[in-house]
Amino acid sequence: MMHRLFVGFRPPPAIRAQLQALAGGVASARWQDDEQLHCTLRYIGEVERPRAEDIAVALGSLRFAPFELAVDGVGEFDSRGRPNALWAGLRPQDQVTQLHQKIDQALVRLGLEPERRAYRPHITLARMNVPAGTNARFLQDHAGLTSPPFRVDAFLLFESHLGREGARYAAIERYPLRP
């Protein structure tokens with residue numbers, strides 16, 4: 001049996017509520033629900049159970065100090081010039097990027113391919129899979145989005161289950177951050 005995995009963390013409920021309040025006003029956007037709001041630290045992909053167990057053990061051995069982040073602005077990702085996702089940015093990016101790199105290195109030592117894409121810490125707000133036109137109004141209206149700082153004191157190993165209504169995520173292991 002294959003398991004579709006990724007590593008990430010969830011912002012606290014108040015931050016997720018703030019992000020969910022942004023939903024609306026964008027044609028063809030599929031807004032993320034509370035369960036889906038997270039920051040991906042490393043996408044793993046489909047692995048068999050023995051490899052998933054090795055990943056869980058390797059992640060448990062990582063040491064990284066807790067840190068604080070805040071939401072900072074919005075943006076969009078595109079594919080071939082067509083917007084396919086809206087996101088909220090995070091700042092400062094240094095510590096979350098370092099945690100991403102540490103997780104990536106641990107997974108590479110297990111034999112997984114290194115992450116090839118540039119890493120940009122963000123929380124996906126909405127996905128779009130049909131031409132949606134411009135998101136300029138949303139981006140302009142929410143360019144100054146900020147949140148109070150929040151503490152990241154753990155990360156999670158998630159399993160993603162694809163269905164008709166999109167992906168559903170189940171946290172299968174929690175890893176407290178510790179220096």
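From a predicted model like this one, the values you see are computed outputs, not experimental measurements.
Met128 and Ser28 make their closest contact through CG-O, 3.7 Å (heavy atoms, listed as atom of the first residue, atom of the second, distance).
Under a cut-off of 6.0 angstrom, the local environment of CZ in Arg174 is crowded, with over 12 non-hydrogen atoms contributed by other residues, nucleotides or ligands.
With values rounded to the nearest 0.5 angstrom, Arg168 atom CZ is found 14.5 Å from Glu159 atom CD. Atom CZ of Arg30 sits about 9.0 Å away from atom CD of Gln36, to the nearest 0.5 Å. Atom OG of residue Ser147 and atom CZ of residue Arg91 lie 7.0 Å apart, to the nearest 0.5 angstrom. Distance check: Ile123 CD1 to Trp87 CH2 gives 11.0 Å after rounding to the nearest 0.5 Å.
Between Glu48 and Met1, every side-chain heavy-atom pair lies at or beyond the 4.5 Å cut-off.
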Please set out all donor-acceptor pairs under 3.5 angstrom arising from side-chain atoms of residues 51-79, sequence neighbours excluded.
residue: Glu53; atom: OE2; partner: Arg49; partner atom: NE; Å: 3.2
residue: Ser61; atom: OG; partner: Ala58; partner atom: O; Å: 2.8
residue: Glu76; atom: OE1; partner: Asn135; partner atom: ND2; Å: 2.8

Sequence neighbours left out, cut at 3.5 Å: what donor-acceptor pairs do the side chains of residues 109-122 make with other protein atoms?
residue: Glu113; atom: OE1; partner: Arg116; partner atom: NH2; Å: 3.2
residue: Glu115; atom: OE2; partner: Arg117; partner atom: N; Å: 3.4
residue: Glu115; atom: OE2; partner: Arg117; partner atom: NE; Å: 3.1
residue: Tyr119; atom: OH; partner: Thr40; partner atom: O; Å: 2.8
residue: His122; atom: ND1; partner: Arg120; partner atom: O; Å: 2.7
residue: His122; atom: NE2; partner: Thr124; partner atom: OG1; Å: 3.4

In a table with atom names and distances, give each donor-acceptor pair under 3.5 Å that connects a side chain of residues 8-22 to protein atoms at least two apart or in another chain.
residue: Arg10; atom: NH1; partner: Asp34; partner atom: O; Å: 2.8
residue: Arg10; atom: NH1; partner: Glu35; partner atom: O; Å: 3.2
residue: Arg10; atom: NH1; partner: Leu37; partner atom: O; Å: 3.0
residue: Arg10; atom: NH2; partner: Asp34; partner atom: O; Å: 3.4
residue: Arg16; atom: NE; partner: Asp34; partner atom: OD1; Å: 2.7
residue: Arg16; atom: NH1; partner: Pro11; partner atom: O; Å: 2.6
residue: Arg16; atom: NH2; partner: Asp34; partner atom: OD2; Å: 3.4
residue: Gln18; atom: NE2; partner: Thr146; partner atom: O; Å: 2.6

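The aromatic rings of His38 and Tyr169 sit perpendicular to each other, their planes meeting at more than 60°, with 30° as the lower class boundary. The aromatic rings of Phe155 and Tyr175 lie parallel to each other, their planes meeting at an angle below 30°, with 60° marking the opposite boundary.
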